[in-house]
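Report on the following structure.
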Amino acid sequence: MIISRMKPVSELLDYVAGEEKIFLIGCGICATYCASGGKRELMFVKKVLEDAGKTVTGMLVVEGVCVVGRTKKHLEYYPEAYNSDSIMVFSCGTGISVVADLVPVKVHPGTDTLFSGAIVAPGVFEEKCSMCGKCELEWSQGVCPHTICPKGIFNGPCGGVHDGKCEVNSERDCAWAVMYERAKRNGCLDELERPREFKDWRDNIKPRRIVVRSGKIVHH
Amino acid sequence: MYITDYIEKHGFVYTVELTPPVVFREKFEKKVQKFSKLFKFMNFTDFQRGTVKVTSLVAAIIAKDYGVEPVIQLTGRDRNRIAIQGELLSAYAMGIENVLCLTGDHTSLGGDDQAKYVGDVDSVQMLKLVELLSCGELYGGKKLRKKVEFCAGAALNHYSEPRELNIFKLHQKERVGARFFQTQPVFDAEEFLKFLEEAKLKVPVIAGIMPVRNLKMAEFLDKNLSGVKIPEQLMERLSNGEDYLDIFVEILRVIKPHIAGVHFMMAKYDEVAYIVDKVG
């Protein structure tokens with residue numbers, strides 16, 4: 001799930017200063033789940049904008065704004081979106097960019113996109129993967145060194161580990177302390193003992209794009 | 001001169017860590033000149049705690065004019081593998097022979113917590129880059145026309161826990177070519193020796209000594225210096241008004257037979273002169 005957070009109201013109002021008519025788009029999947037861009041949040045923003053003297057020309061929640069075809073289709077039924085001064089989108093950054101690609105009006109981001117997260121409990125999301133393009137979880141015992149270690153150390157831990165806790169956030173376990181314990185449990189400490197070479201970042205050159213046809217990647 | 005060659009020849013080395021200047025070169029030079037009366041080897045920190053200063057390398061080049069053998073400190077916090085290798089080649093071109101390879105503090109804990117943490121190279125990988133250069137190679141396989149050799153060291157933080165994991169990392173540093181260790185400040189001689197006994201390191205250990213002047217400073221360091229723990233006993237002795245320098249002379253006398261050198265940190269000239277004179 002892509003975790004996002006609604007931007008502060010003051011920032012949203014700054015964006016629309018000088019504008020009158022604003023159309024709102026939310027996302028029915030991730031942004032609804034993490035309460036940054038579902039129907040409830042759009043209603044809240046509508047009231048904020050109206051209290052500030054703006055007109056909300058309409059609202060639309062797409063089940064996955066990131067699905068280009070679906071968002072395009074939905075927008076066809078909302079001509080008022082095109083006739084507004086701007087569209088404010090409450091989804092992940094991908095969804096916001098999709099809308100900006102589709103419409104000929106100014107698009108404002110309503111959220112800050114934070115991370116790809118696990119849902120560890122209702123309303124509790126944790127980052128586990130940075131989507132770097134080359135998975136290291138095999139040798140790192142399922143603990144991503146890029147993500148769980150703030151320093152992204154491939155040969156850890158750093159000197160700041162204190163009672164097994166991270167130097168950057170003492171409430172969190174040190175990624176390497178967890179990795180080490182798992183490697184011991186799994187009987188594969190040798191995987192951690194071998195000094196790790198440098199990361200190959202070539203699959204992280206942005207923007208990334210792949211084309212899948214009949215279950216196969218045909219373009220990368 | 002390699003710091004390890006000096007240790008081999010003289011049995012023991014005294015080094016001091018100085019912070020490069022921000023803008024006042026002359027003041028820094030005076031400090032280097034003063035300390036050079038006592039120290040042949042000096043470390044120069046690398047954007048310590050993410051604060052902007054003259055680079056370690058430039059400070060080292062300045063210090064060389066005073067007959068100092070610099071140990072440059074290099075962190076992966078602000079440089080990727082290209083910049084690290086470039087910095088090493090630059091150091092070699094300027095006749096610098098000793099380098100301390102560090103991962104570095106996280107940017108979020110330092111002077112500019114909005115800056116991006118680079119982290120392409122950790123301390124072990126940096127040691128590996130030094131090793132490659134010494135074989136006349138850059139990362140990626142490009143051959144150099146000559147070998148670029150350094151004496152590379154690494155940091156040892158005996159306060160890091162779990163100890164088993166800490167020692168695991170130190171052995172990894174040794175395996176990739178660390179030729180000496182410089183430690184975090186020692187405040188408890190017995191605990192430090194216990195650590196060394198357990199770690200069974202093969203390369204020389206240069207112990208950090210930071211003369212803590214009073215209780216206020218001790219409490220500050222205990223709270224703010226990454227991973228460092230100041231023992232209650234030291235706090236008590238300082239609050240009882242004991243001479244702080246004599247406390248560190250005592251600590252050093254206990255650990256000296258077990259180490260290859262001392263690395264003074266955040267120390268004033270008169271303090272180190274007193275300690276070195278007493279300990280010998």
Side-chain angles (χ1 to χ4, degrees), chain A residues 112 130 132-134 136 139-141 143-185 188-202 204-206, chain B residues 75-77 80-82 84-85 101-110 113 117-129 131-132 139-140 154-178 181-184 225-229:
Chain A
D112 290 310
S130 300
C132 68
K134 189 152 181 64
E136 308 289 347
W139 64 266
S140 66
Q141 319 298 316
V143 180
C144 176
H146 291 303
T147 312
I148 311 300
C149 171
K151 294 182 182 177
I153 296 180
F154 261 38
N155 300 279
C158 74
V161 53
H162 194 52
D163 292 333
K165 297 291 179 188
C166 175
E167 172 189 40
V168 174
N169 181 348
S170 59
E171 286 175 13
R172 288 189 165 276
D173 289 335
C174 163
W176 277 85
V178 178
M179 241 183 258
Y180 188 77
E181 284 308 314
R182 282 194 194 168
K184 269 204 304 192
R185 180 198 69 192
C188 49
L189 212 46
D190 58 313
E191 289 181 5
L192 291 189
E193 272 167 358
R194 199 168 57 245
R196 287 284 145 194
E197 286 290 329
F198 288 93
K199 173 92 174 171
D200 179 351
W201 286 104
R202 284 175 296 183
N204 200 256
I205 299 169
K206 293 170 185 177
Chain B
T75 77
R77 176 190 52 229
N80 68 6
R81 67 195 77 173
I82 300 167
I84 293 284
Q85 290 175 103
C101 298
L102 307 164
T103 297
D105 299 320
H106 196 272
T107 42
S108 64
L109 306 174
D113 61 2
Y117 181 87
V118 177
D120 185 38
V121 180
D122 62 39
S123 57
V124 169
Q125 290 167 329
M126 200 187 295
L127 287 162
K128 185 80 187 159
L129 288 179
E131 176 81 3
L132 277 174
Y139 181 72
L156 181 161
N157 185 350
H158 49 287
Y159 300 101
S160 290
E161 296 281 354
R163 185 165 288 192
E164 185 185 342
L165 184 59
N166 187 1
I167 293 170
F168 166 88
K169 172 82 178 263
L170 295 174
H171 289 164
Q172 206 173 42
K173 286 177 173 177
E174 282 188 327
R175 274 201 299 278
V176 290
F181 283 114
Q182 286 185 319
T183 82
Q184 286 282 38
L225 198 64
S226 176
V228 167
K229 280 179 278 189

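If you're wondering where the values come from, they're calculated on a predicted model, not measured in any experiment. Note: hydrogens, waters and symmetry copies are ignored here, and every other heavy atom, side chains too, is used. The chains referred to below are lettered A, B, ... by the order of the sequence lines, with proteins before strands, and numbering in each begins at 1.
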Worksheet, complete the sentence: Ranked by heavy-atom pairs below 4.5 Å to chain A, first place among B:H106, B:R77, B:H158 goes to B:H106

Practice prompt. Check whether any side-chain N or O of B:Q172 sits under 3.5 Å from a backbone N or O of A:L192 as a donor-acceptor pair, and report yes or no.
Written response: yes

Item to complete: Select one option (side chain, backbone, both, neither) describing which atoms of B:L127 are under 4.5 Å from chain A's heavy atoms.
Response: neither

Fill in: Where at least one partner belongs to residues 192-202 of chain A, residue pairs that pass side-chain hydrogen bond (donor to acceptor under 3.5 Å, both in side chains), sequence neighbours excluded
A:E136-A:K199, A:H146-A:K199, A:D200-A:R202, A:W201-B:D120

Fill in: Backbone N/O of A:I153 and side chain of B:D122: donor-acceptor pair under 3.5 Å
no

Fill in: A:C174 side, atom SG; B:E161 side, atom CD - distance, nearest 0.5 Å
12.0 Å

Worksheet, complete the sentence: Here the pair of heavy atoms bringing B:K169 nearest to A:N155 is NZ-O, 2.8 Å

Practice prompt. Examine whether an atom of B:V118 lies under 4.5 Å from a heavy atom of chain A, and if so say whether it belongs to the side chain, the backbone or both; otherwise answer neither.
Written response: neither

Worksheet entry | Atom CZ of A:R172 with >12 non-hydrogen neighbours under 6.0 angstrom | no

Worksheet item: If you round to the nearest 0.5 Å, how far is CH2 of A:W176 from CG of B:N166?
Response: 13.5 Å

Item to complete: Report, as yes or no, whether the 6.0 Å neighbourhood of atom CG on A:L189 holds more than 12 heavy atoms from other residues, nucleotides or ligands.
Response: yes

Discussion item. I need the minimum non-hydrogen distance between A:V161 and B:P162, along with the two atoms involved.
Written reply: CG2-CD, 4.3 Å

Worksheet item: Looking at A:C158, A:P157, A:G164, which one has more heavy-atom pairs under 4.5 Å with chain B than the rest?
Response: A:P157

Worksheet item: Who wins among B:V176, B:L109, B:L156 for the most heavy-atom pairs under 4.5 Å with chain A?
Response: B:L109

Worksheet item: Where the side chain of B:S160 meets the backbone of A:H162, is there a donor-acceptor pair that is under 3.5 Å apart?
Response: no

Worksheet item: Would you say the side chain of A:F154 lies within less than 4.5 Å of the side chain of B:V124, judging by non-hydrogen atoms?
Response: no

Response to the item:
salt bridge (charged side-chain N to carboxylate O under 4.0 Å, His left out) filter on A:K184, not counting sequence neighbours, yields A:E181, B:E164

